[in-house]
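Every chain is numbered from 1 and lettered A, B, ... according to where its sequence line falls, protein lines coming before strand lines.
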2 protein chains.
Amino acid sequence: MEKEVKNLLLDLSQLISQKSKIWISPYGVERILRAIKTTSDQWMIIRISEEPINVVNKAIEILLERKIVKVKNEKIYFTKKGREILKDINLEKIVKPECRKCEGRGINFKFDSKLYSTFLEIQKKRPKPLKKYDQGNVTPQTTIARVLLAMSHGDIENKEILILGAEDDLLGLALALTKKPKKILVLDIDKRLIDFDNYWAEKLKLNLKAEVFDLRRKLPKDLIGKFDVFFTDPSETVQSIKGFILKGIATLKSPGCVGYFGFTFKDSSLKKWYILQKILNNSKVVITEILREFNFYENWPYLEETKSFKESAAEKLPNKTIWYTSNWYRLVTLPGFKRINIDLLRYKGKKFYNDIENSTS
Amino acid sequence: MEKEVKNLLLDLSQLISQKSKIWISPYGVERILRAIKTTSDQWMIIRISEEPINVVNKAIEILLERKIVKVKNEKIYFTKKGREILKDINLEKIVKPECRKCEGRGINFKFDSKLYSTFLEIQKKRPKPLKKYDQGNVTPQTTIARVLLAMSHGDIENKEILILGAEDDLLGLALALTKKPKKILVLDIDKRLIDFDNYWAEKLKLNLKAEVFDLRRKLPKDLIGKFDVFFTDPSETVQSIKGFILKGIATLKSPGCVGYFGFTFKDSSLKKWYILQKILNNSKVVITEILREFNFYENWPYLEETKSFKESAAEKLPNKTIWYTSNWYRLVTLPGFKRINIDLLRYKGKKFYNDIENSTS
C-alpha cells in the first residue's frame, strides 16, 4: 500500500508539472495534500503549501477531476474517496508553531512604541494599491519589523539608504521616522506615493527625498556606488531581479554594503529561487539571511482580476486573514562585487511583471 | 571630521585584515566599535559584532595598542581618547529588538509541552562536550525549535532522517520523541552519545538507531540516496562542509529532499560564507532559509583551552550568558543535484576542524 501512495505522489507531481509547466516534487504534492487537510480555505492552502499559486491551483484542479477533493460552499475538502486514498499514509495536518507575540518573525515590532504608533497613524492615509504597478503593500507591523531588523544589524544609523520601488510599503518613510539615517532616497514609479512621502518629509522635517522613477530605466550615473544600504521588494521575474535587485547592488559604495529584498514561494518556484541565488552568487554578494514568512501582505483590491483568483477552484475572495507572505533576504557585498545597471525598457509592458510562475500581477 | 572618521574605519579595517589574515570591511569595524559601546563583556562583543572571533580579538588588540579601549576588571571600555575620537560620528549602541518570548527564533519552543518537558528531563543526563571532537551542544530550547521548524515544513512525518554528527545536540533523539519519523539513523564519532541514544531508544521504544561513524570516511554505499531529510552541525572548515553537508546531500533520495545545518559568523567570515554558498549552488541545491541566531550554544568546559580564549584581551570566562550563536540553513535538492561522497581521511587531525577563521576548536 505504501508503494501505491508513493506512486500516487510521483504520478501527481509529474502531471501537475506537465500541466502547470512548473516543476514540483512528490514532496511538494504531499505538502499540498497536507495543506488541504489543515484548512479548507483556498488562500490558506496556498500559504501552507509553500508552492507557487499556479501549481496549487493546477493541483486542486487535477484532484477535483479525480474526485479526490470537492468544492462545497466555496471551500475545499477531501471526498470520501480522497480520505480513503490518504488514510494509509497517515498524512497529518501541518503544524504552525510560530510565536504569536512576534507573528513568527522573532522581532518585537512594538520594541520602539513611539515609532510604531506614529507609523501606524500615518500609514492609514496611504494611497490604495494599483494593479498597473503590481502593488500590494505589507502590513505596518511588517514595515516596522524590517526597520528594526536592519537597525539590529547596524544598517541604518548614519547610513545613506536607497529604496527602489515598493514604496507602497512606506519603508523609506518608516526608516526616516527613526531620524537615524544620514540620507534616504526613494525611487518609485507611482507619483501618488512620491507625493505622500514628500508631504510627510516636509511636515515632519525628515531626512527623506522621494522621486518618480521607472526602474526599468538605467539608473542615473550619479546614483551608482553612492549608497550604504538598499531595500526593495520586486515583482518576481528574472527581469525584475535585474531591474530591482541588481540595480540596488550597483548603487552600493563598497564591499561590506548591504541589501534587503523580499521573495516568495507564491509567485516563484524553487527553480526560480535557484536562478536568483545563482545570479547573486555570480555578482559576488553573500546572502546572510533568508527569513521565512517575514513579510505579511494586506489583501489588495484587484485580486479578483488576477490569474490566481480566476484559476482557483473555489473562486472566493480571502477574508481578513493574511495569506500572501514572503521571505526576506539580506545580502552583503564582497570585494569584487559586480555593478550591473542595464536598460530594461526593451521588455515593455507585462513581461516585466509576469512570467509563467507569477499569478498575482 | 566625518572624513577623518571614515579614514579611521578604513585604516583599522586594513590593519585588522592584515594582522588577522581575515577580510573585514570598514562597516564591520564600525559594528565592532558599536558592540564595545553596547557591552563591556568580551563574549557579548563577539556576539553583537557578527564578525569572526579571531577578527574581533585582533581588533581589540589593535584598539588597546592605540589606547582607544582599555581593560579594567576583566571588562573592555573605551578610553577618554576613544570616546573623543568617536563622539563626532554619533556611534550608537546596537539595538536588540528580538522577541523575548521565543528567544528571537519566531518559533514557540513550548508549542508541544509534553515533547518539551520530556526532552528537558532526558537531556540533563547527556555526556559532557569533548574538545577532541569539537563538541559544544546547543540549548534544549534550540533542539526543540529545530524539531518544530522542520515539522512546520512537513519535513518529519513519515520521513527517513539521517543525523550526521553533532548528536551532542541530541536532535535525533528529540526527533524520535515526536514518534513521527519513519526512521532515524544517527551517525557520530562519539561512542558515549551513540550509547546514550540507543539506551533511550530501547527504553522508550523509539524509531531510532545510532552508530559510531567517523564522518571523514566515505559513507557506506547503502546509505547513499536513501534518506528524505538530513541534519548536521559541522565544524566550519571547507573540509567539514564536504564531510558533513555534501555527504548529507549525497544521502538524499531525490529532488525535493531537504537538509538542515548550522553555520556561524564566529568561526567563519563572510568570505567563507560565500564559498559555502558557491559550493551549495554548484551542487544544485537551493537555500530556502538562513535564520539568524537560531542556535544558542551552552558554554562548553574546554573554552579556556581554545584560541578564542587565549587571544582575548580580557581573558575572562563567560558567565551564564549565551554568547555563541549560529545561523540555521535549510536547503532543498533540485533535479540534477550532485551526490559527493569523498574520503577525507587524508586531512588527518586538526585540519578537519581548524582553519584560520576557526578559533573555538
Within 45° of the axis and under 6.0 Å from the centre of the six-membered ring of B:Phe296, does NZ or CZ of B:Arg105 qualify? yes
Region of A:Arg292 in contact with chain B, defined by heavy-atom distances below 4.5 Å: both
If we ignore hydrogens and angles and just use 3.5 Å, is the side chain of B:Ser20 paired with the main-chain N or O of B:Ile22 as donor and acceptor? yes
Around atom NZ of B:Lys110, are there more than 12 heavy atoms of other residues, nucleotides or ligands at under 6.0 Å? no
Distance in Å, B:Asn108 CG paired with B:Leu148 CG, rounded so as to fall on 0.5 Å steps: 8.0 Å
Give, as side chain, backbone, both or neither, the part of B:Lys180 having an atom under 4.5 angstrom from any heavy atom of chain A. side chain
Do B:Lys101 side-chain atoms and A:Cys102 backbone N/O form a donor-acceptor pair below 3.5 Å? no
Picking from A:Phe111, A:Tyr274, A:Phe263, which has the most non-hydrogen pairs under 4.5 angstrom with chain B? A:Tyr274
Choice from B:Glu103, B:Glu293, B:Glu92 maximising heavy atom contacts with chain A below 4.5 Å: B:Glu92
For A:Glu98, is it the side chain, the backbone, both, or neither that has a heavy atom closer than 4.5 Å to a heavy atom of chain B? both
What part of A:Glu50 gets closer than 4.5 Å to chain B, counting heavy atoms only: side chain, backbone, both or neither? side chain
Looking at A:Met151, A:Arg34, A:Arg330, which has the largest count of heavy-atom pairs under 4.5 Å with chain B? A:Arg34
Spacing of OG1 belonging to B:Thr251 relative to CG belonging to B:Leu162, to within rounding of 0.5 Å: 4.5 Å
Among A:His153, A:Glu289, A:Lys271, A:Glu157, who wins on heavy-atom pairs under 4.5 Å with chain B? A:His153
Let me know if A:Asp112 has heavy atoms under 4.5 Å from chain B in its side chain, its backbone, both or neither. neither
Distance check, rounded to the nearest 0.5 Å: B:Glu160 atom CD versus B:Asn207 atom CG? 10.0 Å
With a 4.5 angstrom heavy-atom cut-off, could you sort out which part of A:Phe265 is near chain B: side chain, backbone, both or neither? side chain
Between B:Lys182 and B:Asp228, is the closest basic N to carboxylate O distance under 4.0 Å? no
For chain A, find which of B:Gly256, B:Pro97, B:Pro255, B:Ala145 contributes the most heavy-atom pairs closer than 4.5 angstrom. B:Pro97
Contacts of B:Lys278 meeting side chain to side chain donor-acceptor pair (under 3.5 Å) (sequence neighbours excluded), chain-then-number -> A:Asn281
Heavy-atom cut-off 4.5 Å, strictly under: side chain, backbone, both or neither for A:Lys253 against chain B? side chain
Parallel, tilted or perpendicular: which one describes the rings of B:Phe231 and B:Trp328, with boundaries at 30° and 60°? parallel
Whether A:Arg31 and A:Glu51 form a salt bridge (side-chain N of Lys/Arg under 4.0 Å from carboxylate O of Asp/Glu) is what I want to check. yes
Interface moiety of A:Arg100 toward chain B, non-hydrogen atoms closer than 4.5 Å: neither
Contacting moiety of A:Leu149, where chain B heavy atoms sit under 4.5 Å: both
Counting heavy-atom pairs closer than 4.5 Å to chain B, which one of A:Ile24, A:Asn327, A:Leu291, A:Thr288 comes out on top? A:Thr288
Which atoms of A:Ile94 are under 4.5 Å from chain B, going by heavy atoms: the side chain, the backbone, both sets, or neither? side chain
Using non-hydrogen atoms only, which part of B:Ile287 is less than 4.5 Å away from chain A: side chain, backbone, both, or neither? both
CD1/A:Ile48 to OG1/A:Thr325 distance, rounded to the nearest 0.5 angstrom? 10.5 Å
Non-hydrogen atoms of chain B under 4.5 Å away: do they reach the side chain of A:Ser13, the backbone, both or neither? neither
Residue A:Val258 versus chain B: region with a heavy atom under 4.5 Å: neither
One option among B:Gly154, B:Ser25, B:Cys99 has the most heavy-atom pairs under 4.5 Å with chain A, and it is B:Cys99
For A:Leu276, is it the side chain, the backbone, both or neither that has a heavy atom under 4.5 Å from a heavy atom of chain B? neither
Side-chain contact, heavy-atom cut-off 4.5 Å: A:Pro181 with A:Ile156? yes
Let me know if B:Glu30 has heavy atoms under 4.5 Å from chain A in its side chain, its backbone, both or neither. side chain
Are A:Tyr329 and A:Ile245 close enough, and set up right, to give a side-chain contact (heavy atoms from CB on, under 4.5 Å), and what steps lead you there? CA-CA 11 Å; A:Tyr329 275 69; A:Ile245 303 171; over 6 Å; no
Using heavy-atom distances under 4.5 Å, tell me whether A:Val95 contacts chain B through its side chain, its backbone, both, or neither. both
